[in-house]
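In what follows, a single structure is set out as structure tokens and then discussed.
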Amino acid sequence: DTGVSQDPRHKITKRGQNVTFRCDPISEHNRLYWYRQTLGQGPEFLTYFQNEAQLEKSRLLSDRFSAERPKGSFSTLEIQRTEQGDSAMYLCASSLGLRRSQETQYFGPGTRLLVL
Amino acid sequence: ILNVEQSPQSLHVQEGDSTNFTCSFPSSNFYALHWYRWETAKSPEALFVMTLNGDEKKKGRISATLNTKEGYSYLYIKGSQPEDSATYLCAFGANNLFFGTGTRLTVIP
């Protein structure tokens, strides 16, 4: 399967712990996005990368959140000092990145985080 | 934050019925409108990206229309099948997409 993959699929952690998620985009996709979905809501944009450059960050992305894409391939999203409000589905998507906008974003299956 | 609304929130239809849902979005500064289908425990699946006013797109039994001047898009499913049961999401924006809360469709065999 050559779609977007995410690891882990599920994570349970205690409040105050740090967690890190990984996303592997479709190969040759230059753009990578992170979204978060909480219960009853649609996905909310967090950040996106064009190759290794982080081009946009949502105000939802507090300073406890950091995302990286060091070599322009896979990306990691780290949450430090987790809080119960961080419990959500974290989705990653990728797109070709050849056009300014209007590209299809292909999503991974998500990482479901539960903070106890 | 852009307001994207979908209706209805949920829908139950009998197998073989045709159905449609609505997505409304800001009519100013239009970029693109995306439709996704999301089945439980799977990845959201891209259905359509629509960019031009009056656009109509079709994929099998599913089709969509777009009105950028009045800020709405319709998704139609003809002859619903149980495998169409999913949450249908629309999203508006450029690179950072703003999603609606989705329409949860259940097709009863």
Side-chain angles (χ1 to χ4, degrees), chain A residues 1-6 9-10 23-26 29-51 53-61 67 88-112, chain B residues 1-10 21-26 29-53 55 57 59 62 64 66 68 73 75 86-105:
Chain A
D1 184 61
T2 56
V4 178
S5 62
Q6 292 188 245
R9 294 289 304 274
H10 303 273
C23 171
D24 286 88
I26 295 171
H29 276 195
N30 296 318
R31 224 167 264 166
L32 186 148
Y33 312 81
W34 286 99
Y35 292 84
R36 177 177 70 188
Q37 188 200 29
T38 52
L39 203 60
Q41 301 298 314
E44 297 170 300
F45 171 79
L46 294 178
T47 189
Y48 91 93
F49 293 82
Q50 175 79 30
N51 299 311
Q54 189 172 18
L55 294 189
E56 192 168 344
K57 286 166 56 170
S58 163
R59 277 172 275 178
L60 292 174
L61 211 64
M89 173 77 86
Y90 290 83
L91 291 161
C92 175
S94 69
S95 70
L96 280 168
L98 300 179
R99 300 174 66 180
R100 184 178 172 273
S101 64
Q102 305 167 358
E103 291 186 335
T104 298
Q105 296 184 19
Y106 297 89
F107 280 83
T111 294
R112 186 168 290 284
Chain B
I1 294 179
L2 301 176
N3 199 28
V4 179
E5 295 184 352
Q6 292 188 247
S7 64
Q9 198 168 27
S10 66
F21 343 120
T22 305
C23 172
S24 61
F25 51 86
N29 296 321
F30 180 80
Y31 294 102
L33 193 284
H34 301 243
W35 280 101
Y36 287 88
R37 174 170 60 201
W38 196 358
E39 294 178 67
T40 304
K42 293 188 178 179
S43 305
E45 176 196 353
L47 293 174
F48 307 114
V49 180
M50 309 181 79
T51 57
L52 297 175
N53 185 44
D55 244 357
K57 296 219 172 178
K59 184 178 182 178
I62 303 177
L66 178 67
T68 60
S73 175
L75 188 81
T87 296
Y88 291 81
L89 290 164
C90 71
F92 169 87
N95 295 299
N96 51 331
L97 296 181
F98 293 89
F99 281 82
T101 53
T103 293
R104 188 179 187 93
L105 173 68

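Each chain gets a letter, A, B and so on, in the order the sequences are listed, and its residues count up from 1. Computed from a predicted structure; not experimentally measured.
- At a cut-off of 3.5 Å, with distance as the only test, a side-chain donor of Y33(A) or S95(A) sits close to an acceptor on the other residue.
- Counting heavy atoms from C-beta on, the side chains of L61(A) and Q54(A) come closer than 4.5 Å.
- Ranked by heavy-atom pairs shorter than 4.5 Å toward chain B, the options P43(A), G42(A), G40(A), G108(A) are led by P43(A).
- Heavy atoms of Y36(B) lying under 4.5 Å from chain A belong exclusively to its side chain.
- Under the 4.5 Å side-chain criterion, counting only non-hydrogen atoms from C-beta, L75(B) is not in contact with C23(B).
- Heavy-atom distances place both the backbone and the side chain of L97(B) under 4.5 Å from chain A.
- Proximity to chain B (any heavy atom under 4.5 Å) is restricted, for L91(A), to the side chain, taken from C-beta onward.
- Contacts between Q41(A) and chain B at a heavy-atom distance below 4.5 Å involve backbone atoms as well as side-chain atoms.
- Contacts of A91(B) with chain A are absent, with no heavy-atom separation under 4.5 Å from either backbone or side chain.
- For the ring pair (Phe, Tyr, Trp, His ring centres under 6.0 Å) with F92(B), the qualifying choice from F98(B), F30(B), W35(B) is F30(B), the only one to do so.
- A donor and an acceptor atom, one from each side chain of Q105(A) and Y35(A), are located under 3.5 Å apart.
- Rounding to the nearest 0.5 Å gives a distance of 5.0 Å between OG1 of T103(B) and CD of Q6(B).
- If you measure heavy-atom distances from R9(A) to chain B, the contacts under 4.5 Å come from the side chain alone.
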